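Since the structure comes first, as structure tokens, the remarks are kept for the end.
The structure presented is a predicted model; accordingly, all values stated were derived computationally and were not measured.
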Amino acid sequence: MESISPRINRRMQWFPALSLLMVLILSANLVAFAATLTQVSADTFTNTTSQHKTEVEPDTFAFGSTIIEASQVGRFTDGGASDIGFATSTDNGVSWTNGTLPGITKITSSSNPYDRVSDASVAYDAKHNVWLISSLPIIGTTGAGVIVSRSTDGGKTWGNPVVITSKSGSDKNWTVCDNSTTSPYYGNCYTEWDDNSLGDRIRMQTSSDGGLTWGSAKSPSGTPAGLGGQPVVQPNGTVIVPIASASETTIGAFRSTNGGSTWSSVSTVASVSKHTVAGNLRSGPLPSAEIDAAGKVYVVWQDCRFRSGCSSNDIVMSTSTNGTSWSAVTRIPIDSTTSGADHFIPGLGVDKTTSGAGAHLALTYYYYPVAGCSAATCQLDVGFISSTDGGTTWSTASQLAGPMTLSWLPSTTQGVMVGDYISTSYGSDGLAHPVFAVANAPSGSTFDEGMYSPASGLTLSAGSVLANQVDNTNQRPDIGANNSWNATANEAHNGSVRD
């Protein structure tokens with residue numbers, strides 16, 4: 001959560017000058033406007049305490065032809081939002097219904113217990129046929145635990161939230177469920193969060209009854225610190241949790257092989273090379289993690305190791321089949337390393353009906369065509385790239401939205417915001433369905449930032465660009481990784497949160 005303390009924690013506007021548009025396209029080596037966008041949801045709040053109309057930081061999950069998206073609606077400058085909004089599609093993204101979750105904030109009803117809410121994460125529990133949206137409630141300006149809202153009718157209606165934890169100072173929750181019928185822990189759901197009051201100590205909680213009740217909070221071995229974990233579950237029931245260190249200087253992972261009874265120490269995936277995104281845009285190297293049908297885990301984050309002088313970020317990737325040994329970091333070839341573009345806030349999707357050399361990957365991300373811009377000159381775009389061979393080769397990248405001017409975005413204490421993460425999911429149609437924030441020019445003092453998605457999903461293209469840039473210099477052995485992880489996190493922790 002950004003804070004509240006320094007970190008609690010419809011149209012598209014086209015550039016009128018074709019010549020300038022072509023300069024931007026060519027500078028990033030992208031195909032422009034590959035899809036027609038539909039607006040998934042909008043901020044309908046009118047309270048004067050938060051910024052309207054703003055929606056930020058979406059997560060999505062797909063099961064069958066149902067896709068559910070959740071995001072912050074009505075963003076406060078100093079942390080959190082007026083409520084969590086949801087959007088539901090039961091036809092693979094062709095049409096959407098939307099609303100806000102009940103029973104959370106006083107902004108929707110004076111009888112509700114919380115002042116604000118943040119950090120939506122969507123999951124589906126196939127065993128119990130229940131959809132879950134976990135979130136981070138806020139009382140005053142402090143995180144007040146982690147809660148989960150449940151839907152048993154396919155995302156049409158939602159009940160009042162269940163409390164996962166009421167621990168003050170909690171931050172950055174993420175929820176996943178075990179949907180493999182062959183798993184001994186089929187039907188378990190897992191929520192990761194971090195305890196800012198204890199130096200961002202990583203916590204895991206487990207439910208085996210569709211999110212109605214949750215077990216006690218447990219830590220990985222060695223009680224490490226971390227931020228932004230995204231658990232995934234292998235077909236055999238092993239839970240793997242890629243996560244950033246509290247300082248966001250390392251990507252690591254830990255796991256449970258016994259249904260969440262115990263959790264391993266953190267193994268280091270890779271160190272992070274940071275380039276600060278220009279224009280005071282809120283952005284950091286948090287991981288986006290997904291898993292294929294065979295249980296291979298893919299983790300991506302923004303990183304500047306392949307750019308001369310760390311001048312801008314690529315999106316990079318590492319993979320693992322066991323959560324302890326990770327591949328060398330590879331660069332996803334969106335453009336050349338001399339393009340001058342900056343890429344950040346990735347949302348990775350993997351088609352869970354595919355695997356291995358035939359795994360289908362879809363990556364959505366934000367980018368600047370020119371990294372060395374200012375708050376007044378930066379042009380923010382949304383890009384997309386795909387692979388049909390597990391990331392060996394990638395398609396030509398395309399531009400989905402933009403350009404956006406940074407003054408069109410809501411402010412936070414960590415910069416203007418589209419979100420700390422975005423999301424891409426696959427429907428039963430085999431197409432990629434990303435959801436992301438798009439801002440248009442404000443009308444007076446009223447913003448125009450909502451959630452958008454390609455109207456018909458995105459077809460993957462066969463790879464044409466070889467992902468042949470590999471970095472082995474930042475790999476560390478698993479032995480002793482937990483000690484290195486803890487030292488990095490604890491030395492850099494600043495006692496704040498990031499909603």
Side-chain angles (χ1 to χ4, degrees), residues 172 174 192 194 200 202 220 222 224-232 240-255 264-277 283-291 296-334 337 342-348 350 361 363 365 387 390-392 394 420-421 467-492:
K172 280 293 175 204
W174 203 269
E192 185 275 337
D194 67 271
D200 290 329
I202 301 167
L227 189 70
Q230 293 197 359
V232 294
I240 298 172
V241 189
I243 191 168
S245 63
S247 59
E248 299 180 35
T249 55
T250 308
I251 302 297
F254 60 95
R255 68 178 188 171
S264 73
S265 61
V266 177
S267 298
T268 299
V269 176
S271 62
V272 173
S273 297
K274 288 185 179 182
H275 167 81
T276 300
V277 174
S283 174
L286 297 176
S288 176
E290 282 288 344
I291 194 167
K296 185 176 183 177
V297 182
Y298 303 78
V299 181
V300 300
W301 66 94
Q302 64 194 56
D303 193 289
C304 63
R305 73 187 63 208
F306 292 103
R307 300 274 172 159
S308 177
C310 209
S311 57
S312 63
N313 294 298
D314 293 296
I315 308 301
V316 301
M317 183 171 72
S318 180
T319 65
S320 177
T321 58
N322 58 16
T324 59
S325 300
W326 291 84
S327 69
V329 176
T330 60
R331 188 183 81 94
I332 296 175
I334 296 168
T337 56
D342 198 3
H343 319 81
F344 38 84
I345 315 178
L348 179 66
V350 176
L361 314 182
L363 177 68
Y365 54 92
S387 173
T392 299
W394 293 81
D420 291 340
Y421 47 80
N468 59 357
Q469 289 181 287
V470 180
D471 179 30
N472 292 299
T473 62
N474 288 296
Q475 303 304 301
R476 303 179 188 171
D478 292 334
I479 298 174
N482 190 58
N483 292 333
S484 298
W485 175 277
N486 273 330
T488 300
N490 293 338
E491 288 168 6

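- By the salt bridge (Lys or Arg N to Asp or Glu O under 4.0 Å) test, Glu192 pairs with no residue at all, sequence neighbours left out.
- Note that CZ of Phe344 is 13.5 Å distant from SG of Cys304, once rounded to the nearest 0.5 Å.
- Listed here is the closest heavy atom pair of Ile240 and Ala253: CG2-CB, 4.5 Å.
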Using side-chain contact (heavy atoms from CB on, under 4.5 Å), reason through Val350 and Lys296 one step at a time and then give a plain yes or no. CA-CA 10 Å; Val350 176; Lys296 185 176 183 177; over 6 Å; no
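- The minimum heavy-atom distance linking Pro220 with Ser264 is given by the pair CB-O, 3.0 Å.
- With sequence neighbours excluded, the residues that form a side chain to side chain donor-acceptor pair (under 3.5 Å) with Arg307 are Asp314, Asp335, Ser339.
- Not one N or O on the side chain of Asn313 forms a donor-acceptor pair closer than 3.5 Å with the backbone of Asp342.
- Side-chain N or O atoms of Thr319 include none that pairs as donor or acceptor with a backbone N or O of Tyr298 at under 3.5 Å.
- Counting only heavy atoms from C-beta outward, the side chains of Asn322 and Arg255 approach each other to under 4.5 Å.
- Residues Ala289 and Val232 share a closest heavy-atom pair of O-CG1, 4.1 Å.
- Note that CG of Leu227 is 5.0 Å distant from CG of Asp194, once rounded to the nearest 0.5 Å.
- At least one donor-acceptor pair closer than 3.5 Å links the side chain of Ser245 to the backbone N or O of Thr250.
- A heavy-atom distance below 4.5 Å is found between the side chains of Pro242 and Val297.
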Apply the test side-chain contact (heavy atoms from CB on, under 4.5 Å) to residues Tyr365 and Ile332: give CA-CA distance (whole Å), side-chain angles for both, the deciding distance (0.1 Å), then the verdict. CA-CA 12 Å; Tyr365 54 92; Ile332 296 175; over 6 Å; no
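- Ile202 is listed as a side-chain neighbour of Phe254, based on a closest heavy-atom distance under 4.5 Å.
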Is there a side-chain contact (heavy atoms from CB on, under 4.5 Å) between Trp326 and Val299 once you walk through the steps? CA-CA 10 Å; Trp326 291 84; Val299 181; 3.6 Å; yes
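- Contact check for Trp174 versus Val241: no side-chain heavy atoms found under the 4.5 Å cut-off.
- By the side chain to side chain donor-acceptor pair (under 3.5 Å) test, Ser288 pairs with no residue at all, sequence neighbours left out.
- Considering all non-hydrogen atoms of both residues, Gly228 and Ile243 come closest at C-CG1, 4.1 Å.
- In summary, of the residues considered (Ile315, Asp303, Val316), a side chain to side chain contact (heavy atoms under 4.5 Å, CB included) with His343 occurs for Ile315 alone.
- Distance check, rounded to the nearest 0.5 Å: CD of Glu290 to CD of Gln230 gives 8.0 Å.
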Does Met317 form a side-chain contact (heavy atoms from CB on, under 4.5 Å) with Leu363? I'd like the steps, not just the answer. CA-CA 11 Å; Met317 183 171 72; Leu363 177 68; over 6 Å; no
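- Taking CD of Glu248 as the start and CH2 of Trp301 as the end, the distance is 13.5 Å to the nearest 0.5 Å.
- For Ser325 against Ser320, the heavy-atom pair with the smallest separation is O-OG, 2.7 Å.
- The two residues Leu361 and Gly390 come nearest to each other via the heavy atoms CD1-C, 3.6 Å.
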